[in-house]
2 protein chains.
Amino acid sequence: MAATIRDVARASGVHVSTVSRTFSAPHLVNTETRNRVLAAAEDLGYRPNRAARALTTGRTHNLGLIVADIANPFFPPLIKSAQAHARERDYHVFVADTDEDPLVEEELIQTLTKQVDGVLLCSPRLSNRAIERLGADVPFVVVNRRVKGMSTVLMDVGHGARLAVAHLASLGHRRIGLVAGPSGSWTSGEMREAAAATAREAGLDLSILGPNPPTEQGGLAAAGDVVKAGVTGVLAYNDMVAIGLIEGLYERGLRVPGDVSVIGVDDIVPGRLNRPKLTTVAMPTSAAGRTAVDLLLQAVGAKDAATPALTTLETSLVVRESTAPPPSIERSS
Amino acid sequence: MAATIRDVARASGVHVSTVSRTFSAPHLVNTETRNRVLAAAEDLGYRPNRAARALTTGRTHNLGLIVADIANPFFPPLIKSAQAHARERDYHVFVADTDEDPLVEEELIQTLTKQVDGVLLCSPRLSNRAIERLGADVPFVVVNRRVKGMSTVLMDVGHGARLAVAHLASLGHRRIGLVAGPSGSWTSGEMREAAAATAREAGLDLSILGPNPPTEQGGLAAAGDVVKAGVTGVLAYNDMVAIGLIEGLYERGLRVPGDVSVIGVDDIVPGRLNRPKLTTVAMPTSAAGRTAVDLLLQAVGAKDAATPALTTLETSLVVRESTAPPPSIERSS
DNA sequence: GACATGGCTGCAACCGGTTGCATTATTGTG
DNA sequence: CACAATAATGCAACCGGTTGCAGCCATGTC
């Protein structure tokens with residue numbers, strides 16, 4: 001079917017090894033010979049078979065990228081930047097979706113491992129133990145999770161949370177709430193800690209509400225807690241929760257930002273149609289993709305196990321329409 | 001490093017071919033021997049190397065899925081269903097993003113071709129000629145485009161357009177507009193034809209507005225045309241255009257659906273926060289993913305070039321809040 | 001003129017599996 | 001009991017490349 005290296009060798013009257021070298025070590029072959037080989041290859045439409053090459057070299061020039069859910073708008077920018085960045089370095093990225101299922105995740109890792117030089121694990125659902133075990137064969141880089149002995153890319157959501165709380169404080173809010181995420185989430189823990197510290201410094205009253213599922217439903221269900229807590233400013237675990245929360249507040253007759261200000265995290269809400277447009281903590285997802293690829297290729301290139309690197313990326317606050325001064329600003333004390 | 005078939009053979013005291021058969025043709029090996037081999041394999045953590053297997057069998061058990069833009073919310077459901085469906089059939093899917101660039105698309109196809117048994121091409125940007133040429137080595141299935149000699153999955157957007165126009169007519173609209181997409185788009189042509197036919201049958205006045213880029217910007221820019229045409233009901237090329245259009249109408253002081261009704265296509269707008277929630281033509285993207293995988297595996301299984309199949313999937317109208325009766329219903333004639 | 005040097009190419013083993021064929025042991029049949 | 005059929009396993013070639021080693025030739029050097 002497709003032309004092989006032997007077809008090219010026959011057509012150009014040289015040994016297969018010469019053809020091989022023409023592509024993988026051109027400087028070792030005479031210019032004239034090389035041109036003859038290249039002409040024959042061109043003629044036959046020959047393209048080296050990367051899989052076969054990988055058998056002997058141990059380098060597939062492929063990377064694996066595993067995400068929990070492609071449909072989550074948080075991931076596509078990361079995927080795109082990782083892919084583009086890898087392409088520039090002559091690597092290809094295979095994306096796989098685990099559908100939030102740890103078993104699928106494990107199976108995908110095992111399958112991918114044999115066909116790639118390294119794996120990028122984004123927001124894994126697997127236990128750290130399992131990840132460490134699976135990472136024995138091939139370099140891993142983990143995004144949004146700390147795993148012992150592995151290179152990691154984190155986004156400093158704590159910093160974003162501090163900015164968000166400070167923003168609420170500067171608008172005059174004194175009683176604020178944090179609609180927390182799932183209890184096991186690293187991100188949620190960071191947010192909680194950062195929000196607590198900032199609230200203390202600014203002399204604010206902070207209520208932790210949750211844990212909640214990281215979905216619109218979760219936000220909708222948390223609306224009651226927010227009302228009960230009597231807060232005027234809220235930081236939600238992520239944008240989906242924020243959206244659900246706003247909807248829930250509407251149902252209870254409260255307006256955003258008139259009665260309650262709401263801040264989300266991720267900056268994933270597209271479109272101009274949203275009312276109000278969401279104030280949110282933007283995550284550097286594109287940068288995370290690039291950085292993760294850099295770290296991974298670095299580990300791939302190293303002969304022995306490289307020392308794991310930790311990169312933390314900054315976040316920022318994007319102020320839009322869902323935050324405003326509280327209904328009546330009372331001068332405290 | 002990782003255990004190979006020879007390690008397992010040594011550990012269990014049999015020949016490599018017996019180990020190979022234990023995994024690829026278990027009925028050919030004695031139960032007792034098989035158990036011994038499996039135990040040794042388990043012990044060593046052996047997993048067959050799919051790439052090596054592919055070298056002799058010619059079957060990688062991988063499929064390639066190429067999309068123009070993962071970040072376009074239209075694609076993820078398709079990707080997810082294709083992936084899940086393939087998994088059930090012991091195939092894995094590698095997703096690649098061309099970033100809307102035909103050159104990247106071509107390069108990706110060439111790279112993937114050697115590592116997969118078949119390629120799923122979604123909304124390709126390459127010319128039909130190029131696709132036909134590249135499809136010589138490995139089976140292709142094309143989604144959202146007709147390519148001679150290749151299996152195809154289409155979504156019947158014409159049907160959806162008819163439903164949309166009929167819906168506007170039943171609400172009492174007499175002057176309606178179609179905000180068309182890019183001039184080269186197959187989908188846009190289908191919509192135009194269907195809308196024209198339905199309008200004629202229902203005695204409506206139809207204005208074709210465009211072509212426009214398939215983006216929010218495109219919709220925003222088209223708002224002027226809509227006002228000028230004096231229509232009260234509009235079918236937009238897709239949801240992004242519809243969103244931009246609504247925004248543009250707002251800027252001109254018109255309300256949706258009070259003054260103008262707007263219908264989108266794709267049903268990709270998430271979240272409950274949109275005001276108004278968009279009436280839209282829902283596309284069977286999940287079904288398309290499944291169908292495409294079925295078609296592809298069928299072609300992969302066939303020894304000789306299978307006769308290309310064409311599958312057309314139905315669309316449906318989802319009525320939400322962006323459509324209503326026109327400002328003043330005049331009984332015609 | 002003998003010999004070392006370097007450039008280029010061929011040879012053959014190897015990567016990790018699969019598979020047609022040969023070999024041996026076992027069982028069934030008349 | 002002889003012979004055929006069947007089951008289980010080993011042997012070795014092969015898939016499409018890569019690579020260490022050896023051989024050849026043309027130079028350069030003394």
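In what follows, chains carry the letters A, B, and so on, assigned in the order in which the sequence lines appear, proteins first and then strands, with residues in each chain numbered from 1. No experiment lies behind these values; they were computed from the predicted model shown.
- Within 4.0 Å of Arg34(A), counting heavy atoms only, lies no atom of the nucleic acid at all.
- Summarising the geometry, the separation between CG on Asn35(B) and P on dA8(D) is reported as 13 Å, rounded to the nearest angstrom.
- Distance CD1 (Ile5(B)) to P (dC14(D)): 19 Å, rounded to an integer number of Å.
- Ranking dG16(C), dT9(C), dG16(D) by closeness to the Asn49(B) side chain, first place goes to dG16(C).
- Using a 4.0 Å heavy-atom criterion, one finds that Phe23(B) contacts no nucleic acid atom at all.
- In this structure, Val19(B) reaches neither bases nor backbone, as no heavy-atom distance under 4.0 Å exists between it and the strands shown.
- A sub-4.0 Å separation between OP1 or OP2 of dC11(D) and a side-chain N or O of His15(B) is present.
- Looking at the side chain of Thr56(A), the nearest of the listed nucleotides dC14(C), dG10(C), dG17(C) is dC14(C).
- If you run side-chain contact (heavy atoms from CB on, under 4.5 Å) between His61(A) and each of His92(A), Arg89(A), Arg50(A), only Arg50(A) comes through.
- Summarising the geometry, the separation between CZ on Arg10(B) and C1' on dG16(C) is reported as 13 Å, rounded to the nearest angstrom.
- Between Thr18(A) and dT9(C) there is no side-chain N or O to OP1 or OP2 distance below 4.0 Å.
- Taking atom CD on Glu32(B) and atom C1' on dT26(C), their separation rounds to 15 Å, with Å as the unit.
- One can place NE2 of His61(B) at 14 Å from C1' of dG17(C), the figure rounded to the nearest angstrom.
- Comparing Thr33(B) and Ser17(A) by the nucleotide of DNA chain D whose heavy atom lies nearest to each, the residue mapping closer to the 5' end is Thr33(B).
- By the 4.5 Å heavy-atom criterion applied to side chains, Val14(B) and Thr22(B) are not counted as neighbours.
- Distance from the side chain of Arg6(B) is smallest for dG16(C) among the nucleotides dT18(D), dG16(C), dT19(C).
- For Asn30(B) and dT6(D), the CG to P distance is 18 Å, given to the nearest whole Å.
- Side chain of Arg21(A), nearest nucleotide from dG17(D), dC21(D), dT19(C): dC21(D).
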Asp69(B) and Lys80(A): salt bridge (Lys or Arg N to Asp or Glu O under 4.0 Å), yes or no, with the steps?
CA-CA 8 Å; Asp69(B) 181 8; Lys80(A) 284 183 91 80; 2.7 Å; yes
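- Residue Leu121(B) forms a side-chain contact (heavy atoms from CB on, under 4.5 Å) with just one option from Val143(B), Ile109(B), Thr98(B), Val67(B), and that option is Ile109(B).
- Checked options Glu100(A), Glu105(A), Glu106(A); the residue passing with Arg125(A) is Glu100(A) (criterion: side chain to side chain donor-acceptor pair (under 3.5 Å)).
- Whole-Å rounding puts the Lys114(A) NZ to dC15(C) P distance at 16 Å.
- Rounding to whole angstrom units, CZ of residue Arg53(A) and P of dG17(C) are separated by 21 Å.
- Each of dT18(C), dG16(D), dG17(C) was ranked by its minimum atom distance to the side chain of Leu55(A); first place goes to dG16(D).
- Judged by closest nucleotide on DNA chain C, Val16(A) is the one of Val16(A) and Arg47(B) placed further toward the 5' end.
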